[in-house]
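Just so it is clear: chains get the letters A, B, ... in the order the sequence lines come, proteins before strands, and each one is counted from 1.
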Protein chains: 2
Amino acid sequence: MIPSDRGTKVYIEIVKQLRSMIEKDGLKAGDKIPSERELSERLNAGRSSVREALRALELLGLIETRRGEGTFIRDFHGNQLVQLLGTFVLQDEKARKDVAETKVLIEMNCLLLAAKKCRGKGFRLKEWVQAQRMLEDDRFFQKVAELADNYLVCRIWQILKDYNHSLHVKKSIFPAEWYVRLAEALDADSEDEIRSAYDALRKLSEY
Amino acid sequence: MIPSDRGTKVYIEIVKQLRSMIEKDGLKAGDKIPSERELSERLNAGRSSVREALRALELLGLIETRRGEGTFIRDFHGNQLVQLLGTFVLQDEKARKDVAETKVLIEMNCLLLAAKKCRGKGFRLKEWVQAQRMLEDDRFFQKVAELADNYLVCRIWQILKDYNHSLHVKKSIFPAEWYVRLAEALDADSEDEIRSAYDALRKLSEY
DNA sequence: GTTCCAAAAGTGGTCAGACCAAAAACTTCC
DNA sequence: GGAAGTTTTTGGTCTGACCACTTTTGGAAC
């Protein structure tokens with residue numbers, strides 16, 4: 001295979017080809033992709049180059065390989081990746097602060113978005129909250145992120161959450177009452193109240 | 001190399017070894033790591049396996065390789081993570097709307113963050129804006145994102161911007177005056193004014 | 001026809017060796 | 001001491017060879 005740009009590496013080219021191949025054929029999570037040997041033949045590249053591309057995607061959690069069976073597309077829930085970045089990269093203090101800061105921002109965005117999207121839908125987050133005694137912080141915001149009905153934001157939040165875990169380890173679980181005010185504010189679709197309730201919550205949980 | 005756990009792959013083992021090697025030797029961004037051949041010898045593995053590990057780390061943006069020179073550690077601030085997720089996941093129509101929506105959110109966040117970070121610094125964005133006649137929208141927010149002093153947010157914005165371009169193609173360039181009010185609001189550190197100025201701008205530019 | 005089992009084929013996992021291209025290190029010569 | 005040429009090092013890629021495991025296949029026995 002001759003890389004399109006001189007200077008580009010073959011395995012990068014293969015990653016791109018794979019992407020468009022997946023798009024073109026409409027492959028979904030769980031589907032099988034061609035074997036390494038077939039790819040190497042179809043893309044006119046050495047098998048080792050194909051493997052470099054596949055291994056990279058595997059480490060990213062985008063595909064899964066099973067010896068003797070084949071290579072399959074995975075439902076990307078970037079677990080390994082995050083773990084790796086966590087232990088590998090985020091050593092410096094500034095980066096950690098950035099993560100925490102960004103997470104707070106995104107959570108606030110999710111809250112406001114969720115309020116907007118739920119407008120007139122009659123959904124009551126408060127009831128959901130009150131149905132439990134203790135509430136895992138992540139679980140609450142997972143719910144909110146879903147309500148925000150924006151897959152991208154949802155994914156970004158998840159990634160930040162995972163990042164954070166790989167740093168602090170500890171998972172926060174608080175009494176459900178702490179979330180009631182926030183849920184009420186969201187149900188009431190009151191922007192100011194959402195803001196202050198969230199700030200209050202984060203103070204409580206000593207973020 | 002015999003993987004510690006049976007079932008674990010050699011290249012994964014090598015990634016781990018590299019990690020501990022970097023930690024042990026206290027290697028920092030910019031430092032050089034041993035050559036592929038030396039690693040393959042020291043770790044008692046084939047060179048192709050070493051390459052699979054290195055290529056994966058490279059795609060993650062953790063290392064950088066230069067032909068004829070060697071392989072070097074990169075600082076985290078180049079993470080491809082979101083990028084990859086972006087190109088891989090964002091395909092359908094809904095996702096496009098999500099991108100636009102998210103971009104607006106992030107821009108607002110950047111503005112507020114920037115205001116906070118500039119507090120008391122005496123920086124005047126207004127002067128910078130007025131120094132030009134026409135202003136590329138992206139350039140303005142690039143500036144704001146930098147002022148926000150949060151690399152992660154900055155990266156996320158850039159990715160959203162790039163993705164947006166790949167959809168709309170057109171780049172927006174507006175008269176500098178449009179940005180003056182927003183710059184003033186930012187300089188004045190007035191949250192409400194920032195919000196309304198940004199909303200007004202996005203209405204003007206028909207986002 | 002059905003069931004069961006062994007052989008064959010397919011697939012990922014790994015290694016060794018070869019060659020190329022680019023950069024760096026070294027030598028030679030002025 | 002500096003410039004030019006040669007050798008060495010290093011990443012980039014391909015090929016072919018095994019191994020281990022899974023699926024498929026093709027009979028053989030019932």
Review point. Has A:R55 got a side-chain N or O lying under 4.0 Å from the OP1 or OP2 atom of C:dG12?
Key: no

Exercise for review: Look at all strands and tell whether B:G46 reaches a base, only sugar-phosphate, or nothing, counting heavy atoms closer than 4.0 Å.
Suggested key: sugar-phosphate

Check your understanding: What's the CD1-P distance between B:I14 and C:dC15, to the nearest Å?
Key -> 7 Å

Review point. Among the nucleotides D:dC14, D:dG11, C:dG13, which one has an atom lying closest to any side-chain atom of B:T71?
Key: D:dG11

Check your understanding: Using a cut-off of less than 4.0 Å, is there contact between a side-chain N or O of B:S48 and OP1 or OP2 of C:dA16?
Key -> no

**Study point:** Minimum-distance nucleotide to B:E69 side chain [options: D:dG12, C:dA23, C:dG13]
**Key:** C:dA23

Check your understanding: A:V50 or B:P34: which one's nearest nucleotide on DNA chain D is closer to the 5' end?
Key -> B:P34

Check your understanding: So, B:T71 side chain and B:T65 main chain: donor-acceptor pair closer than 3.5 Å or not?
Key -> no

Revision key, fill the gap. Side-chain contact check for B:R51: nearest option of D:dC21, D:dT13, C:dC15 is D:dT13

Check your understanding: Is the phosphate of D:dG11, meaning OP1 or OP2, less than 4.0 Å from a side-chain N or O of B:R66?
Key -> no

**Study point:** With A:L39, the side-chain contact (heavy atoms from CB on, under 4.5 Å) member among A:R51, A:Q17, A:M21
**Key:** A:M21

Check your understanding: Which whole-number value in Å describes the distance from A:N44 CG to D:dT13 P?
Key -> 13 Å

Practice item. Quickly work out the A:E36 CD to C:dG12 C1' distance and round it to whole Å. Key: 5 Å

Review point. Distance check: side-chain N/O of A:S49 vs OP1/OP2 of D:dC14, anything under 4.0 Å?
Key: yes

Check your understanding: Hey, is B:E52 close enough to B:R55 for a salt bridge, meaning N to O under 4.0 Å?
Key -> no

Check your understanding: Is the phosphate of D:dG12, meaning OP1 or OP2, less than 4.0 Å from a side-chain N or O of B:T65?
Key -> yes

Check your understanding: Can any side-chain N or O of A:D187 pair as donor or acceptor with the backbone N or O of A:L125 at less than 3.5 Å?
Key -> yes

Practice item. Please determine if a side-chain N or O atom of A:R47 lies less than 4.0 Å away from the OP1 or OP2 oxygen of D:dG16. Key: no

Review point. Roughly, in whole Å, what's the span from CZ in B:F72 to C1' in D:dT9?
Key: 12 Å

**Study point:** Separation of atom CG in B:L57 from atom P in D:dG11, rounded to whole Å
**Key:** 14 Å

Review point. Checking all strands, does A:S40 fall into the base, sugar-phosphate, or nothing category for heavy-atom contacts under 4.0 angstrom?
Key: nothing

Review point. Taking N and O atoms by type only, does the side chain of B:R37 place a donor or acceptor under 3.5 Å from a partner on the base of D:dG11?
Key: yes

Review point. When the ring centroid of B:Y198 is compared with that of B:F141, is the distance short of 6.0 Å?
Key: yes

